[in-house]
Amino acid sequence: MLCRRGSVVVNNLIRIVLLLQAWKPPRTHHDSMSGTCVLKMDHYCIWVINCVGLLNYKAFLLFLVYTFLATFLATAALVNGFIIYFKELQEEDPQPSAKPAVLFLAFVIDAAFALAIVGFLIMHCRMIARNMTTIEMYEKRRSATGPWQFDRGAKQNFLEVFGKSRARWFVPAYTKEEVRELLSNILRSRPPDSDDAELTVSRGFSNNV
């Protein structure tokens, strides 16, 4: 057995959360904020005040997409005010209007938000293409292992997150069937070389019955 990050690993297959004394499914991490284990946990987001995981990752991504579109459109709408602000500075008006200065400040804030969000979107798009979470990305970077074991190809990885129905790709929610499929896929996922481990563990269970 190997103790790691508050869990016990038995033959690389069964993990027990030491804090909760419960079975820990594959690709699951303990969220200290809520005190629960989250399937395919990505991170805890202070903007939505919730842990981003398997069942709300799509909603989080669409939140980023729609926020980026809103800030981008607001920035584009404020370009004219940005230009007027610098024109007034050059004219040295003795009684300058405060409106261009406010528009300039709003332009800078919106542009900064848009740039920050597009950076997050690019990072998450790369992780979706590899079927990887933020936590798994940093763990893999530290371990420097071979090819990612859960990568099923960019297209299949995308469909796993957004679903097979194109009409629902931009809806931040899953149907009951999609939730059932997500849970089935994540609970069936196993690390490499787990066949021998499963056989060993199952024999151990059968001997104890």
Side-chain angles (χ1 to χ4, degrees), residues 5 25-31 33-34 36-79 107-192:
R5 293 183 174 273
R27 308 186 73 183
T28 302
H29 293 271
H30 182 74
D31 176 25
M33 298 294 292
S34 62
T36 59
C37 283
V38 181
L39 290 169
K40 202 178 176 182
M41 178 178 173
D42 190 86
H43 68 288
Y44 185 88
C45 181
I46 60 173
W47 298 105
V48 298
I49 318 178
N50 197 5
C51 185
V52 178
L54 177 70
L55 298 181
N56 63 350
Y57 185 54
K58 174 186 174 184
F60 172 75
L61 290 174
L62 291 178
F63 166 72
L64 290 181
V65 171
Y66 295 145
T67 304
F68 168 72
L69 290 176
T71 53
F72 176 79
L73 291 174
T75 303
L78 292 169
V79 170
F107 174 87
V108 172
I109 294 174
D110 280 327
F113 267 102
L115 290 175
I117 293 171
V118 77
F120 278 115
L121 279 174
I122 292 173
M123 181 185 75
H124 279 282
C125 285
R126 292 178 61 186
M127 289 192 297
I128 289 175
R130 301 183 62 189
N131 196 4
M132 187 177 291
T133 65
T134 302
I135 294 176
E136 291 169 344
M137 177 183 68
Y138 284 105
E139 286 181 345
K140 179 176 172 60
R141 185 175 296 175
R142 287 200 305 269
S143 61
T145 57
W148 183 235
Q149 55 194 346
F150 300 110
D151 187 359
R152 302 166 63 189
K155 181 179 179 180
Q156 191 61 37
N157 294 338
F158 175 86
L159 294 177
E160 185 175 314
V161 174
F162 285 91
K164 299 176 182 178
S165 174
R166 295 185 179 183
R168 296 187 56 83
W169 282 358
F170 299 99
V171 178
Y174 290 120
T175 62
K176 290 182 179 180
E177 291 74 16
E178 289 173 335
V179 170
R180 192 179 298 110
E181 185 175 356
L182 282 171
L183 293 174
S184 176
N185 288 336
I186 194 69
L187 294 176
R188 279 204 313 258
S189 61
R190 296 182 299 177

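Within the 4.5 Å cutoff, side-chain heavy atoms of E181 are placed close to those of K164.
No more than 12 heavy atoms of other residues, nucleotides or ligands lie within 6.0 Å of CZ in F72, so this atom counts as exposed by the packing criterion. For Y44, the OH atom counts as densely surrounded, since its 6.0 Å shell holds more than 12 non-hydrogen atoms of other residues, nucleotides or ligands. Within a 6.0 Å radius of CZ in F170, no more than 12 heavy atoms belonging to other residues, nucleotides or ligands are found. Environment of CE in M123: crowded, with over 12 heavy atoms of neighbouring residues, nucleotides or ligands closer than 6.0 Å. In R168, the CZ atom is crowded: over 12 heavy atoms of neighbouring residues, nucleotides or ligands sit closer than 6.0 Å. Atom CZ of R152 has more than 12 neighbouring heavy atoms from other residues, nucleotides or ligands inside a 6.0 Å radius.
Contact record, G163 with E178: CA-OE2, 4.0 Å, taken as the closest heavy-atom pair. Residue I186 comes nearest to R27 through the heavy atom pair CD1-CD, 3.7 Å, listed as atom of the first residue, atom of the second, then distance. For the pair C51 and V38, the tightest heavy-atom approach, listed with the atom from each and the gap, is SG-CG2, 3.7 Å. The two residues P172 and A59 come nearest to each other via the heavy atoms O-CB, 3.8 Å. Of all heavy-atom pairs between T75 and A111, the closest is OG1-N, 3.4 Å. In this structure, F107 and L78 approach most closely via the heavy-atom pair N-CD1, 3.6 Å.
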Please assess T67 against W47 for the test side chain to side chain contact (heavy atoms under 4.5 Å, CB included), listing each intermediate value before the final yes or no.
-> CA-CA 12 Å; T67 304; W47 298 105; over 6 Å; no
Step by step, would you call T133 with M41 a side chain to side chain contact (heavy atoms under 4.5 Å, CB included)?
-> CA-CA 7 Å; T133 65; M41 178 178 173; over 6 Å; no
Start with the C-alpha gap between T71 and D110, add the side-chain angles, then the distance that decides, and say whether side chain to side chain donor-acceptor pair (under 3.5 Å) holds.
-> CA-CA 5 Å; T71 53; D110 280 327; over 6 Å; no
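For V179, the side-chain contact (heavy atoms from CB on, under 4.5 Å) partners are L55, Y174, L183, not counting sequence neighbours.
Between K40 and the options N131, I135, V52, L182, a side chain to side chain contact (heavy atoms under 4.5 Å, CB included) holds for only N131.
Interatomic distance, CZ of F63 versus CD1 of I117, reported as 7.0 Å (0.5 Å rounding). Taking CD of E136 as the reference point, atom CH2 of W148 lies at 4.0 Å (rounded to 0.5 Å). Note that OG1 of T134 is 6.0 Å distant from OH of Y57, once rounded to the nearest 0.5 Å. Distance CG/N56 to SG/C45: 9.5 Å, rounded to 0.5 Å. Taken to the nearest 0.5 Å, the CZ atom of F162 stands 4.5 Å off from the CD1 atom of I128.
Between the side chains of T36 and D31, not a single donor N or O lies within less than 3.5 Å of an accepting N or O.
Ring-plane geometry between H43 and H124 is classed as tilted, the angle between the planes lying from 30 to 60 degrees on a 0 to 90 degree scale. Taking the six-membered ring for Trp and thresholds of 30 and 60 degrees, W169 and F158 have ring planes more than 60 degrees apart, a perpendicular arrangement.
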